[in-house]
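One-based numbering along the sequence shown. Start at 1 and go down the list; that is how both ligands and their atoms are numbered.
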Amino acid sequence: MTTKKITKILIANRGEIALRVIQTAREMGIKTVTLYSDEEVGLPHCLAGDESFSLGSGPLKETYLNQDKIIAIARSCGADAVHPGYGFLSEKSSFAKKVKDAGLIFIGPSPESIDLMGDKKTSKIKIQELGVPSIPGYHGDNQEISFLIKEAKKIGLPVLIKASAGGGGKGMRIVYEENEFQQALEGAKREAMNAFGDDTVLLEKYITSPRHIEIQVMSDRHGNHFHLYERECSIQRRYQKIVEESPSSAVSPELRAKMTEAAIKITRGINYEGAGTIELILDTDGSFYFLEMNTRLQVEHPVTEMVTGLDLVRLQIMVAQGDKLPFTQNDIKQRGHAIEVRLYAEDPDNGFLPSIGTIKKIGKTTVRDTRLDCGYVDGNAVTISFDPMLAKLISWGESREVAAQKLNLALNDILFLGLRTNRDYLKRILTLPEFLSGTTYTHFVKTYEDKLQKKQASKEQRALAVAAFLLKKDQGKSVSSHEFKTNSVWERLSGFRNI
Ligand code: ADP
């Protein structure tokens, strides 16, 4: 095992995650290189590195997804490592391999691990071999519709059709009745082909009241595998996480022991290296199933950092340079409770329409034990070219209740003036009695749709609603899921990230 101290990291990403990597690299005395596309000039990540290079302009495949261009920049500026962040190239084994072949260190797992776990189909086969339960279903090669219908009936309806290469909830359809199958299959395949260039699907039993629980793992190159406990990410909208927390109110010490044991069985079984996340689905009877593994840093990693006190980016860098992780499992403690919310440039009270414009003022919070991971500063423009996530706000408290209270208070201070955001919607979630009691199933947002749209509106919102009512005669009509789809401009744009 050779160890080589990393001296300069090129960050193949943008926004808040680029800034997050810089923060740790700086603390470790490592130089950083950032990238930007021409339309991003003025965003903080462009100039935050010790050096910065333009990727030019054009579609993402010419910029943040252009593997050769990024590697050429890394080589020419003398970087010795590449951090992929999340989304973009972070789970492309071809990129990890090219980085290695160029003599650079990829801060992430091996291309083989990415290949094995990056595909929902191959990972499920491996997981079964390792004896970890996965959701009953079909994940074979036969894609004939008549065959798939037979399999769906064998599994028992409802079933979920999923894109094998899936991510970000794309290419997923629930089928309740046999006669809906064909249309759902066609829709899933079309969406999967558009998003991933691969329309292979798999079938899974649809768990009707699940919770999304995931285990953070970290493995070094010396055969040491650790878990950093669970995160619950059940509060989702259209299969995308919006609130994440650790610990989960649904996980008892006994269940935690079983889940973390399963996670370590996986990382050991595939000889994993670096940071990863084992996503599990928890059913109401306490049984849990493997959903997928993400072979990278997650958007929601700060909640784990808040409860364990560990810096996940530092651990990633240490692993990548061949260091032995400096702790035992017993040293890793879960203390207090942390909650994260994702602030988006969208208008929840108007069909989640995207919001673009110039940020007049972001605001600052003085609420203790909070953290804002944000890729913007006042005066920046938010456009439709990139992910609509503006920032992540995270709070910590001795208890879940205190963490939720602090987060709700801190949200008052994070304004993003000039844009419509989901801030008030997030506040409504955090103050809903059903959230506070911990009954957070993945259908939470759908179940409490009405309360989240209308209840606990702020004074400012009420005034706006009255004004809108006077102007628009259709005010007050609830937005149908069909309208959600057609309104979701972000989803039709290439910049929508796969996280
Ligand atoms: P993606 O990779 O597109 O994000 P996942 O497989 O990770 O897709 O699933 C995303 C979310 O969809 C999960 O967090 C969960 O809410 C829901 N989900 C996935 N599989 C099932 C299932 N079999 N039954 C019920 N819900 C599911």
Side-chain angles (χ1 to χ4, degrees), residues 86-87 90-92 114 117-124 127 132-139 151-152 154-176 184 187-189 191-196 198-216 230-245 248 250 259 263 266 276-285 287-296 298-300 342 387 389 439-447 488 490-491 496-499:
Y86 53 70
S90 61
E91 289 183 286
K92 284 266 176 279
I114 299 177
M117 302 316 278
D119 185 281
K120 291 189 200 296
K121 209 169 90 184
T122 54
S123 64
K124 275 175 205 294
I127 269 15
V132 174
S134 65
I135 307 173
Y138 173 75
H139 41 258
E151 287 298 318
K154 250 197 248 167
I155 297 163
L157 295 171
V159 294
L160 194 59
I161 304 176
K162 270 190 193 180
S164 193
K170 296 223 186 78
M172 281 204 322
R173 294 285 188 286
I174 307 170
V175 181
Y176 291 94
K189 280 191 174 282
E191 208 168 287
M193 185 48 90
N194 280 341
F196 318 111
D198 175 357
D199 68 356
T200 313
V201 295
L202 53 87
L203 304 178
E204 268 177 15
K205 171 138 202 69
Y206 181 66
I207 316 271
T208 46
S209 276
R211 292 184 183 235
H212 174 117
I213 314 284
E214 55 185 39
I215 309 293
Q216 173 70 51
E230 82 280 10
R231 290 183 288 259
E232 174 162 356
C233 317
S234 300
I235 309 286
Q236 306 177 348
R237 203 187 139 255
R238 305 188 68 214
Y239 306 117
Q240 308 239 21
K241 301 160 185 171
I242 46 178
V243 180
E244 300 106 335
E245 57 184 303
S248 159
M259 288 179 150
I266 295 172
T277 295
I278 312 284
E279 294 192 339
L280 305 166
I281 278 263
L282 175 65
D283 207 345
T284 40
D285 64 358
S287 44
F288 64 86
Y289 307 97
F290 172 81
L291 196 56
E292 66 167 348
M293 179 170 183
N294 291 317
T295 56
R296 52 165 166 86
Q298 298 278 94
V299 176
E300 58 273 23
R342 299 190 190 189
D387 186 88
M389 192 174 80
T439 39
T440 47
Y441 294 91
T442 57
H443 48 68
F444 182 92
V445 159
K446 189 122 205 63
T447 306
S488 193
W490 296 113
E491 302 236 330
F496 194 85
R497 246 190 213 158
N498 174 12
I499 47 179

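Of all the listed residues (G137, G169, G171), G169 holds the heavy atom that lies closest to atom 3 (O) of ligand 1. When the options I207, I155, I213 are ranked by their closest heavy atom to atom 24 (N) of ligand 1, first place goes to I207.
For the pair Y239 and ligand 1, the shortest N or O to N or O distance does not fall below 3.5 Å. Among the atoms of L291, none of the N or O lies under 3.5 angstrom from an N or O of ligand 1. At under 3.5 Å, a nitrogen or oxygen of K162, whether backbone or side chain, sits near a nitrogen or oxygen of ligand 1. Of the polar atoms of L160, none of the N or O atoms is found under 3.5 Å from an N or O of ligand 1, judged by distance alone. Between I135 and ligand 1, no N or O atom pair is found at a separation short of 3.5 Å.
Minimum interatomic distance between E191 and G171 (heavy atoms only, all atoms of both residues): OE2-N, 2.7 Å. Of all non-hydrogen atoms in K205 and G156, the two that sit nearest each other are NZ-O, 3.5 Å. The two residues I266 and M293 come nearest to each other via the heavy atoms CG2-SD, 4.4 Å.
By the ring pair (Phe, Tyr, Trp, His ring centres under 6.0 Å) test, F444 pairs with Y448, sequence neighbours left out.
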Under the criterion side chain to side chain contact (heavy atoms under 4.5 Å, CB included), I'd like the reasoning laid out for L282 against M259: C-alpha separation, chi angles, the key distance, then a yes or no.
CA-CA 10 Å; L282 175 65; M259 288 179 150; 4.0 Å; yes
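For M172, the closest heavy-atom approach to ligand 1 falls below 4.0 Å.
Of all atoms in ligand 1, listed by their number and element, those nearer than 4.0 Å to a heavy atom of E279 are 7 (O). For ligand 1, the atoms sitting less than 4.0 Å from at least one non-hydrogen atom of Q236 are 11 (C), 13 (C), 14 (O), 15 (C), 16 (O), numbered in the order shown with element in parentheses. If you number the atoms of ligand 1 from 1 as listed, the ones under 4.0 Å from a heavy atom of T442 come out as 16 (O). Close contacts between ligand 1 and G167 involve ligand atoms 1 (P), 2 (O), 3 (O) [criterion: under 4.0 Å to a heavy atom]. Each of the atoms 13 (C), 14 (O) of ligand 1 lies under 4.0 Å from some heavy atom of H212. Close approach to K120 involves these atoms of ligand 1, each under 4.0 Å from a residue heavy atom: 1 (P), 2 (O), 5 (P), 6 (O), 8 (O).
Tested against E244 for a side-chain hydrogen bond (donor to acceptor under 3.5 Å, both in side chains), the candidates R342, R231, Q298 yield a single pass: R342.
Residues V201 and R173 fail the side-chain proximity criterion, which asks for heavy atoms closer than 4.5 Å. The shortest distance between side-chain heavy atoms of E204 and K124 falls below 4.5 Å. At a threshold of 4.5 Å between non-hydrogen side-chain atoms, the residues F290 and S123 count as touching. The shortest side-chain heavy-atom distance between H139 and D119 does not fall under the 4.5 Å cut-off.
When heavy-atom distances to ligand 1 are checked against a 4.0 Å cut-off, T208 has no atom that comes that close, whether in backbone or side chain.
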